[in-house]
Visitor: 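One structure is given below, represented as structure tokens, and several questions about it will come after.
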There are 2 protein chains.
Amino acid sequence: MDGFSVRVEEALRKRETIVFSADCEVAYSGRAEAFLPRGDRLFIIKRDGTLLVHQPTGSNPINYMKEGCAITLDKTDDGLFLRCRHQGKREWIDARLFAVHFIHTQDLFDSERQLLGGSERDMSDMLFANPSMIEPGFVPLSREEHTRFGFIDVFGTDAQGTLTVVECKRCAAGHNAVQQLARYVSRIREAKGVGTVRGIIAAPRISAAARKHLDELGFGFVAVEPPKRLERYKRDQTSIGDF
Amino acid sequence: MDGFSVRVEEALRKRETIVFSADCEVAYSGRAEAFLPRGDRLFIIKRDGTLLVHQPTGSNPINYMKEGCAITLDKTDDGLFLRCRHQGKREWIDARLFAVHFIHTQDLFDSERQLLGGSERDMSDMLFANPSMIEPGFVPLSREEHTRFGFIDVFGTDAQGTLTVVECKRCAAGHNAVQQLARYVSRIREAKGVGTVRGIIAAPRISAAARKHLDELGFGFVAVEPPKRLERYKRDQTSIGDF
DNA sequence: GGGGAGAGATGCCGC
DNA sequence: GCGGCATTTCTCCCC
């Protein structure tokens, strides 16, 4: 147990990644309040002051503290505590460690960022470059624009020259998408003094309730799948093998 | 490296928790597409078929697969690959492992669930029990109710007997909160044929834009902090020490 | 299983 | 810093 303290404190000083498992109980206070009774968990401490506590199942940490928390070990008469404080956010986690099963500390070298495709951004790029996917005669004017009316994915004119707002969703559109679209359209109507501004949702699909709402407002829906532009890139990566 | 394969395969068979770090590159395809170039990462595999890939900084996994994926090791002429397939979701992750730095496998015992307080649910419970926090004369009729109008946090009558919908937010209220409230109020007006249904947002604060929208619709705002009911509970827990 | 809404949401960007 | 909005959101609950 003492060897554990020494290793943790040395690794914290060297800003190494720390992984250990322990029989423990955990308390959290901050934006909410939580208490986790005794059991075995996996702890991860990163050099940026991130703390993760994982149970043996589930993809999300049962407790966590974001980058920038101060972590200390506190050996008291009541036992050994791992204390984690986030001064800026007035949050803290205390874990009482009844027994430590294993520990590993290591310096990890990684300067890479992940390349990501198929996002809503990629989708609006695709529609901007291929406006006929929205409808024949559509002329895009701008995309991904932070206007004073809000953040509009694609903005343009239809075959009749009518101003048209396109709201993209990379997955099924719901109420939120309809309400966002309605907000943009009504603000542009007001601001431009134009009675006829069209609204279109572009998404792989739309929920029945949202579709009903959309129809009532006189807006349109276009079925569009998000692009997967990385597929070719990855096929060209011989290093990652065959897919 | 061969010892690594043996340990992983034995741990997968025994459904133990597996932790290892490796110099690797990672590809993902599913809801989106991603590629992560070579670097050191920490891998966690849980007995329920969860895979997490962590970089040395940041609180979120850079790659992950939820519960239920099939994990295999594949030794090819191109090198060693960790392959993770999620048949139901048509998602996969392939990690090419250039070098493994350490590995630990262990069976973890944990049957506990976390007790949580300070949620929106706790907030509406508090307002239901203390209706004067909304306004004098407010009489609550229901809370957290799934009605055919939607999910209404607190529903009741004001001092004049007017039907009133209260929408709770545990943090700052924004546009969504105003739109939710407007939707509930208009549906109840329609359904009951009542012209006068009031709407109130109860939250710690409200954004300026949302407040403007709220005022235009004739709705009200009440500043309320979410309760922290676990504080006393945890103070009573002598086992977790002194706060 | 789909839809709707909350979450200790998180993260990003723009003002 | 706040605000708005996407997210491989995740999670729960109800229909």
Side-chain angles (χ1 to χ4, degrees), chain A residues 28-34 58-67 86 88-93 114 116-124 144-153 167-177 179-180 183-184 205-211 226 228 230, chain B residues 28-34 51 53 58-67 86 88-93 114 116-124 144-153 167-177 179-180 183-184 205-211 226 228 230:
Chain A
Y28 159 79
S29 179
R31 284 164 290 185
E33 304 277 320
S59 58
N60 285 340
I62 188 69
N63 277 111
Y64 61 88
M65 204 78 92
K66 308 290 293 290
E67 166 181 359
H86 207 302
K89 295 184 179 172
R90 290 184 187 173
E91 290 190 303
W92 54 260
I93 286 175
Q114 187 160 235
L116 195 62
S119 67
E120 194 173 291
R121 168 69 199 243
D122 291 314
M123 210 167 149
S124 65
E144 294 278 321
E145 203 184 357
H146 283 272
T147 69
R148 64 183 179 286
F149 318 115
F151 181 86
I152 293 178
D153 292 331
E167 172 65 28
C168 297
K169 290 293 162 197
R170 57 179 307 286
C171 48
H175 266 125
N176 272 351
Q179 285 170 344
Q180 266 181 50
R183 206 161 61 231
Y184 299 152
R205 58 201 180 84
I206 184 168
S207 75
R211 182 59 196 259
K228 296 198 169 181
L230 278 180
Chain B
Y28 161 78
S29 179
R31 284 164 289 187
E33 303 276 319
L51 171 70
V53 184
S59 57
N60 285 342
I62 189 67
N63 277 112
Y64 63 89
M65 204 79 90
K66 309 289 293 291
E67 166 181 358
H86 208 303
K89 295 183 180 172
R90 289 183 187 175
E91 289 189 304
W92 53 261
I93 286 175
Q114 188 159 234
L116 194 62
S119 67
E120 194 175 290
R121 167 69 199 244
D122 291 313
M123 209 168 150
S124 64
E144 293 280 321
E145 204 183 357
H146 283 272
T147 70
R148 63 184 179 285
F149 317 116
F151 181 85
I152 293 177
D153 291 333
E167 172 65 30
C168 298
K169 290 291 161 199
R170 59 179 307 288
C171 46
H175 266 125
N176 271 352
Q179 286 170 342
Q180 265 181 52
R183 207 161 61 233
Y184 300 152
R205 59 203 180 82
I206 184 168
S207 76
R211 183 58 195 258
K228 296 198 169 182
L230 278 180

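Lettering of chains follows the sequences in order, A, B, ..., and the numbering in each one begins at 1.
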Visitor: For the pair made of CG in B:D122 and P in C:dG8, what is the distance, rounded to whole Å?
Guide: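 Spelled out: CG on B:D122 to P on C:dG8 is 10 Å.
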Visitor: Rounding to an integer number of Å, can you tell me how far A:W92 CH2 sits from C:dG8 P?
Guide: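 Result: 16 Å.
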Visitor: Can you check the distance between D:dC5 and D:dT9, where both ends of the measurement are the C1' atom (answer in whole Å)?
Guide: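 It works out to 12 Å between them.
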Visitor: For a quick check of understanding: with a heavy-atom distance under 4.0 Å over all strands, which category does A:Q114 fall into, base, sugar-phosphate or nothing?
Guide: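 Base contact - A:Q114 has a heavy atom under 4.0 Å of at least one base atom.
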Visitor: Which part of the nucleic acid does B:Q179 contact within heavy-atom distance under 4.0 Å: base, sugar-phosphate only, or nothing?
Guide: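 Touches nothing.
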Visitor: Can you give me the closest heavy-atom contact between B:E144 and B:S124, atom names plus distance?
Guide: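 In terms of heavy atoms, the two residues are closest at OE2-OG, 2.9 Å.
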Visitor: Under 4.0 Å, counting only non-hydrogen atoms across every strand here, what does A:N176 touch: a base, just sugar-phosphate, or nothing?
Guide: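 If one applies the 4.0 Å heavy-atom cut-off, A:N176 turns out to touch nothing in the nucleic acid.
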Visitor: Please state the P separation for the pair C:dG11 and D:dT11 - nearest whole angstrom.
Guide: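 It comes out at 15 Å once rounded to the nearest Å.
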Visitor: Could you state the interatomic distance from CZ (A:F151) to CD (A:E167), rounded to the nearest 0.5 Å?
Guide: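 It is 9.0 Å, given to the nearest 0.5 Å.
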Visitor: Tell me the interatomic distance from B:E144, atom CD, to C:dA5, atom C1', rounded to whole angstroms.
Guide: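 The answer, rounded to whole Å, is 10 Å.
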Visitor: Considering all heavy atoms of both residues, which atom of B:L116 and which atom of A:A32 are nearest to each other, and what is their separation?
Guide: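 Distance-wise, the nearest heavy atoms are CD1-CB, 4.3 Å.
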Visitor: Is any side-chain heavy atom of B:S29 closer than 4.5 Å to a side-chain heavy atom of B:W92?
Guide: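 Yes, side chains in contact.
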Visitor: Write down the distance between CZ (A:F151) and C1' (C:dG14), rounded to a whole number of angstrom.
Guide: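 My rounded result for the distance is 10 Å.
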Visitor: In dot-bracket notation, what is the pairing pattern of DNA chain C, taking Watson-Crick (N1-N3 plus N6-O4 or O6-N4) and G-U wobble (N1-O2 and O6-N3) contacts under 3.5 Å, with [ ] crossing and | for other strands?
Guide: |||||||.|||||||
Visitor: Under 3.5 Å, is there a donor on one side chain and an acceptor on the other for A:N176 and B:Q179?
Guide: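 The answer is no; no qualifying pair exists.
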Visitor: Counting any heavy atom closer than 4.0 Å, what does A:R205 reach on the DNA or RNA strands: base, sugar-phosphate only, or nothing?
Guide: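 Answer is sugar-phosphate: A:R205 comes under 4.0 Å of backbone atoms only.
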Visitor: For the residue pair A:R170 and A:M123, what are the closest heavy atoms and their distance?
Guide: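 Nearest pair, atom of A:R170 first, then A:M123: CA-SD, 3.7 Å.
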Visitor: Taking only the side-chain heavy atoms of A:E91 (C-beta and beyond), determine which of C:dG11, C:dG8, C:dG6 contains the nearest atom.
Guide: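 Nearest to the side chain of A:E91 among the choices is C:dG8.
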Visitor: Atom CD of B:E120 and atom C1' of C:dG6: how far apart are they, to the nearest Å?
Guide: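 Going from CD in B:E120 over to C1' in C:dG6 covers 6 Å.
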Visitor: What distance separates A:I93 CD1 from A:Y28 OH, expressed to the nearest 0.5 Å?
Guide: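 If I round to the nearest 0.5 Å, the distance is 7.5 Å.
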Visitor: Walk me through it: do A:E67 and A:H86 pass the test side-chain contact (heavy atoms from CB on, under 4.5 Å)?
Guide: CA-CA 9 Å; A:E67 166 181 359; A:H86 207 302; over 6 Å; no
Visitor: Is there a side-chain contact between B:Q180 and the phosphate of C:dG6, meaning an N or O under 4.0 Å from OP1 or OP2?
Guide: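 Yes, because at least one side-chain N or O of B:Q180 sits under 4.0 Å from OP1 or OP2 of C:dG6.
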Visitor: For A:K169 and for B:Y64, find the nucleotide of DNA chain D with the closest heavy atom, then tell me which residue's nucleotide is more 5'.
Guide: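 First, find each residue's nearest nucleotide; the 5'-ward one identifies A:K169.
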Visitor: Roughly how far, to the nearest 0.5 Å, is the CZ atom of B:R183 from the CD1 atom of B:I152?
Guide: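 Going from CD1 on B:I152 over to CZ on B:R183, the span is 10.5 Å.
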Visitor: Measure from CG on A:L116 to P on C:dC12 and round the result to the nearest Å.
Guide: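 One finds 11 Å between P of C:dC12 and CG of A:L116, rounded.
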Visitor: Pick the closest DNA chain C nucleotide for B:G58 and for A:I62 by heavy atoms, then say which residue is nearer the 5' end.
Guide: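 The residue whose closest nucleotide sits nearer the 5' end is A:I62.
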Visitor: Taking atom P in both C:dG4 and C:dG8, compute the distance separating them and give it to the nearest angstrom.
Guide: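 Here C:dG4 and C:dG8 have their P atoms 22 Å from each other.
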Visitor: Whole-Å distance between C:dG4 P and B:H146 NE2?
Guide: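 In whole Å, C:dG4 P and B:H146 NE2 are 13 Å from each other.
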Visitor: Mapping A:C171 and A:D153 to their closest nucleotides on DNA chain D, which lands nearer the 5' end?
Guide: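 Checking each residue's closest nucleotide, the 5'-ward one belongs to A:D153.
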Visitor: Mind checking if A:R121 touches a base, just sugar-phosphate, or nothing, with heavy atoms under 4.0 Å?
Guide: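 Nothing, no nucleic acid heavy atom in range.
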Visitor: On a heavy-atom basis, which atom in A:G118 and which in A:P226 lie closest, and how many Å separate them?
Guide: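 Answer, listing the atom of A:G118 first, then A:P226: O-CB, 3.8 Å.
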Visitor: Within the structure shown, what part of the strands sits under 4.0 Å from A:A172 by heavy-atom distance: base, sugar-phosphate, or nothing?
Guide: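 If one applies the 4.0 Å heavy-atom cut-off, A:A172 turns out to touch nothing in the nucleic acid.
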Visitor: May I ask you to verify whether the side chain of B:N60 and the base of C:dG11 hold a donor-acceptor pair under 3.5 Å?
Guide: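 Side chain to base: no pair present.
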Visitor: With heavy atoms of chain A within less than 4.0 Å as the criterion, where does contact along DNA chain D begin and end?
Guide: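 Here the contact window of chain A covers D:dC5 to D:dT11.
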Visitor: NA contact type, B:I206, heavy-atom cut-off 4.0 Å: base, sugar-phosphate, or nothing?
Guide: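 Result for B:I206 = nothing.
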Visitor: Just the rounded figure in Å: distance from P of C:dG4 to CD of B:E167.
Guide: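 Those two atoms, CD and P, are 16 Å apart.
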Visitor: Apply side-chain hydrogen bond (donor to acceptor under 3.5 Å, both in side chains) to B:R205 and list each qualifying residue two or more places apart in sequence or on a separate chain.
Guide: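 Listed in chain order: nothing, the list is empty.
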